[in-house]
Q: 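Here's a structure for you.
Every chain is numbered from 1 and lettered A, B, ... according to where its sequence line falls, protein lines coming before strand lines.
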There are 2 protein chains.
Amino acid sequence: MDDRMLQPSGSAGSMVYQRLKQQIVSLELPPGTSLSEKETSLAFEVSRTPVRESFVRLAQEGLVLVLPQRGTRVSLIDSEQVEEARFMREQLEKAVVRLACGAFPEERLAALEHNLEQQREAIQRQDSKNMFELDEEFHRILFDGCRKSGTWNVIQQMNAHFNRTRILWLWTDPHWELLYEQHRQMFLAIKQQQADQAERIMMEHMRLSIANLPVLKERYPEYFK
Amino acid sequence: MDDRMLQPSGSAGSMVYQRLKQQIVSLELPPGTSLSEKETSLAFEVSRTPVRESFVRLAQEGLVLVLPQRGTRVSLIDSEQVEEARFMREQLEKAVVRLACGAFPEERLAALEHNLEQQREAIQRQDSKNMFELDEEFHRILFDGCRKSGTWNVIQQMNAHFNRTRILWLWTDPHWELLYEQHRQMFLAIKQQQADQAERIMMEHMRLSIANLPVLKERYPEYFK
DNA sequence: GGTTCCATACTACCATACAAGTATGGGAGT
DNA sequence: ACTCCCATACTTGTATGGTAGTATGGAACC
């Protein structure tokens with residue numbers, strides 16, 4: 001667990017890719033930041049080849065924009081793509097949580113409960129970073145329990161823009177308690193197999209994250225397209 | 001210079017990527033085919049670098065499997081991923097066709113109608129390849145008309161396995177007339193804004209494509225995981 | 001002052017050489 | 001005949017030099 005922080009996984013290319021992705025999604029590398037193969041290769045102490053490989057992968061996910069012979073930049077947040085990602089997640093999460101109400105492995109249900117406890121602790125510690133990770137983890141467990149983990153991975157690819165706005169909003173207005181409460185209610189609904197109830201909460205949960213996008217565009221105009 | 005590049009989308013890397021992807025999805029390169037950077041670079045008359053770049057992108061989409069220091073091969077079709085892709089498409093296409101029944105640009109509606117005409121002609125010509133393309137195009141127009149083209153692109157990434165089974169099934173049982181009829185009925189439902197009707201047809205349309213996956217696994221066992 | 005042109009310093013793209021891991025086939029030893 | 005070992009020919013991973021396209025700043029000119 002600690003080792004992956006130092007040397008994430010396998011090849012140098014994968015390492016650079018994972019580190020850059022984490023830095024971009026966490027806004028440590030703000031939208032619009034210009035990168036370059038050479039500069040990045042120096043920073044990570046590898047050659048340009050694995051850096052270039054990571055750029056290709058990041059570009060495919062829309063996290064960076066490569067302009068041939070001109071440069072590479074962290075992509076700006078595109079409001080339309082944010083809305084699309086939210087739409088996509090709403091549809092799929094609704095369907096998944098409904099599946100979960102029909103059948104959900106006992107072990108995964110326990111994992112959800114454990115995750116909820118961790119969320120409560122993270123909120124008490126005011127640990128936003130951990131809280132965000134646990135939020136992601138909660139939904140991942142949902143998909144995994146329904147044997148739809150591949151779907152979750154695909155969602156992740158489009159979530160680049162969506163997640164960054166979520167982080168921005170949580171900077172301006174930490175509303176972890178509400179998110180926690182929604183997670184808890186979803187857990188109960190699944191446990192009691194109340195599909196309609198679960199789907200309704202999930203819908204609110206998803207729409208919550210998008211409500212005031214205009215506010216964010218005004219507060220952080222340089223981050224948006 | 002290089003007239004053989006019929007679709008020279010910019011860089012050599014992109015060219016190789018597009019060509020390989022097309023060959024893989026169309027089963028021209030069957031699942032399990034082993035590739036190699038060197039061999040491919042010779043075939044496309046480029047160096048290993050752009051080939052490697054294309055491999056990275058294809059691997060990210062799950063179209064090829066790269067085993068470090070061992071080789072690269074076209075990925076086998078994974079039944080679970082096929083089912084997941086179908087699930088994903090069903091949820092998203094249902095939601096989109098419902099949106100379309102609420103509001104759909106006149107111009108896009110005309111595009112659908114034109115597409116239907118082309119489908120009929122392709123069926124008469126027994127042009128399976130064109131028919132498949134028109135099928136894809138039909139659904140793409142749907143997403144595009146609802147301003148969800150980004151969603152369609154993400155779907156495409158997971159569709160690698162799903163599409164290959166669809167092609168396999170169409171090899172064994174060409175049922176273009178039924179697909180055309182479903183497309184036509186969806187078009188009518190959208191035009192008359194009958195959301196429930198449209199959603200129902202779309203659901204049947206999606207489930208049709210998956211019905212007899214066991215038959216395919218028996219007929220083409222070497223293509224499946 | 002304002003415009004044009006060009007040297008320069010970038011950039012990503014590509015080709016190539018080398019490094020390191022892996023499968024394989026043949027020969028030595030038993 | 002069978003096992004083990006190792007040379008060898010693969011594979012992908014990495015480093016690096018060169019190429020072509022692009023932005024930029026300053027000089028020359030109007």
Q: Is a donor on one side and an acceptor on the other found under 3.5 Å between the side chain of A:Asn159 and the backbone of A:Ile155?
A: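 Indeed, once roles are kept as given, a pair shorter than 3.5 Å links the two residues.
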
Q: Look at the aromatic rings of A:His139 and A:His205 and report parallel, tilted or perpendicular, splitting at 30° and 60°.
A: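 Because their plane-to-plane angle is under 30°, the rings of A:His139 and A:His205 count as parallel.
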
Q: For the base of D:dT12, is there a side-chain donor-acceptor partner from B:Gln69 under 3.5 Å away?
A: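 Such a pair is found, so the answer is yes.
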
Q: Could you tell me how far apart B:Leu35 (CG) and D:dT12 (C1') are, to the nearest whole angstrom?
A: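 Distance check: B:Leu35 CG to D:dT12 C1' gives 13 Å.
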
Q: What is the distance, rounded to the nearest whole Å, between atom CD of A:Glu37 and atom P of D:dG18?
A: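 Distance, rounded to whole Å: 17 Å.
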
Q: Under the 3.5 angstrom rule, does the side chain of A:Glu84 hit a backbone N or O of B:Thr151 as a donor-acceptor pair?
A: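 Judged by distance alone, yes, a pair lies under 3.5 Å.
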
Q: Which of residues 39-62 of chain A sit near DNA chain C, with a heavy atom under 4.0 Å from it?
A: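 Here the set is A:Arg48, A:Arg52.
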
Q: With side chain to side chain contact (heavy atoms under 4.5 Å, CB included) as the criterion, how do A:Val74 and A:Leu65 come out once you've worked through the C-alpha distance, each side chain's angles and the decisive distance to 0.1 Å?
A: CA-CA 6 Å; A:Val74 177; A:Leu65 191 63; over 6 Å; no

Q: Atom NZ of B:Lys38 and atom P of D:dA9: how far apart are they, to the nearest Å?
A: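 Rounding to the nearest Å, NZ of B:Lys38 and P of D:dA9 are 13 Å apart.
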
Q: What's the verdict on salt bridge (Lys or Arg N to Asp or Glu O under 4.0 Å) for A:Arg140 and A:Glu136, showing C-alpha distance, side-chain angles and the deciding distance?
A: CA-CA 6 Å; A:Arg140 201 190 60 73; A:Glu136 292 282 295; over 6 Å; no

Q: Calculate, to the nearest 0.5 Å, the distance between atoms CZ and CD1 belonging to A:Phe132 and A:Ile167 respectively.
A: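 Interatomic distance, A:Phe132 CZ to A:Ile167 CD1, rounded to 0.5 Å: 4.0 Å.
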
Q: Contacts to DNA chain C from residues 70-78 of chain B, heavy-atom cutoff under 4.0 Å, which residues?
A: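 When residues 70-78 of chain B is checked for heavy atoms under 4.0 Å from DNA chain C, the hits, listed by number, are B:Arg70.
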
Q: Can you check whether A:His161's main-chain N or O pairs, donor with acceptor, with A:Gln81's side chain at less than 3.5 Å?
A: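 Here the side-chain-to-backbone pair does not exist.
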
Q: Show me the donor-acceptor pairs, under 3.5 Å and distance only, between side chains in residues 54-63 of chain A and residues at least two apart or in other chains.
A:
from, atom 1, to, atom 2, distance (Å)
A:Ser54, OG, A:Val51, O, 2.6
A:Arg57, NE, B:Gln60, OE1, 3.1
A:Gln60, OE1, B:Arg57, NE, 3.1
A:Gln60, NE2, B:Glu61, OE2, 2.7
A:Glu61, OE1, A:Lys21, NZ, 3.1
A:Glu61, OE2, A:Tyr17, OH, 2.2
A:Glu61, OE2, B:Gln60, NE2, 2.8

